[in-house]
Amino acid sequence: MTGFSAETLTLPTVALATLLPFAAFVVILLFTRSRPRLSAAVAVGVSSVSLAGTLVLLTLHWNMEKPVQHTDRWLVSGTIEIGMGYLLDPVS
């Protein structure tokens, strides 16, 4: 059985911690805005999951020797390429 390493968990955890609050914003805006208690529950729940993800990243990369970087193309139009990515270093 293969164990999880810091490299295999980093990208999904970063994506979850950063994109989940935006997804909650869209859900609240489109579906639960008329129900404030449900909207608050969604916001608090997603914030808690995002906090847990950042704490996992903190523990995985506590004594990192080099920055972890992931870049990918986000938008391509002719010769113009707009990239997006994540950079985890000791400062961030």
Side-chain angles (χ1 to χ4, degrees):
M1 185 167 150
T2 317
F4 292 108
S5 67
E7 291 81 24
T8 60
L9 287 177
T10 298
L11 183 60
T13 307
V14 168
L16 183 74
T18 56
L19 297 177
L20 199 58
F22 178 71
F25 163 73
V26 172
V27 166
I28 290 170
L29 186 67
L30 297 177
F31 302 113
T32 68
R33 188 169 43 170
S34 62
R35 294 181 275 180
R37 292 182 66 113
L38 181 58
S39 296
V42 169
V44 169
V46 165
S47 296
S48 299
V49 170
S50 183
L51 174 65
T54 56
L55 292 175
V56 165
L57 289 170
L58 179 68
T59 57
L60 286 176
H61 300 287
W62 184 258
N63 291 322
M64 67 172 32
E65 296 175 8
K66 62 179 184 165
V68 178
Q69 181 177 2
H70 175 79
T71 57
D72 204 358
R73 290 185 298 177
W74 178 59
L75 182 65
V76 178
S77 176
T79 59
I80 299 172
E81 291 186 10
I82 300 174
M84 73 151 240
Y86 298 105
L87 174 68
L88 293 174
D89 58 0
V91 175
S92 62

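As the structure is a prediction and not an experimental result, all values here were calculated from the model. The basis for the numbers below is simple: all heavy atoms, side chains too, and nothing from hydrogens, waters or symmetry mates. Each residue takes its place number in the sequence, starting with 1.
- Cluster membership check: M64 shares its hydrophobic cluster with L57, using side-chain heavy-atom separations under 4.5 Å among Ile, Leu, Val, Met, Phe, Trp and Tyr.
- Atom CD1 in I28 sits 11.0 Å away from atom CZ in R33 (nearest 0.5 Å).
- Of all heavy-atom pairs spanning P36 and S34, the tightest one is CD-O, 3.4 Å.
- Cluster membership for F22 and L30, using ILVMFWY side-chain heavy atoms within less than 4.5 angstrom, is shared.
- In terms of heavy-atom proximity, P21 sits nearest to S50 at CG-OG, 4.0 Å.
- In this structure, V26 and L29 have side chains that are not in contact, with every pair of non-hydrogen atoms separated by 4.5 Å or more.
- Atom CG of residue L9 and atom CG of residue L16 lie 11.5 Å apart, to the nearest 0.5 angstrom.
- Interatomic distance, L58 CG to T13 OG1, rounded to the nearest 0.5 Å: 12.5 Å.
- Between T10 and Y86 the shortest side-chain heavy-atom distance does not fall below 4.5 Å.
- The minimum heavy-atom distance between P67 and L87, with the atom names listed, is CB-CD1, 3.9 Å.
- Distance check: D72 CG to E81 CD gives 10.0 Å after rounding to the nearest 0.5 Å.
- L20 and L11 are not part of a single hydrophobic cluster, where members link through side-chain heavy atoms under 4.5 Å apart.
- Residue T54 holds its OG1 atom at 11.0 Å from CG of L88, rounded to the nearest 0.5 Å.
- W74 and I80 end up in the same hydrophobic cluster when Ile, Leu, Val, Met, Phe, Trp and Tyr side chains are linked at under 4.5 Å.
- The cluster map of Ile, Leu, Val, Met, Phe, Trp and Tyr, joined by side-chain heavy atoms under 4.5 Å apart, puts L19 and V14 in the same cluster.
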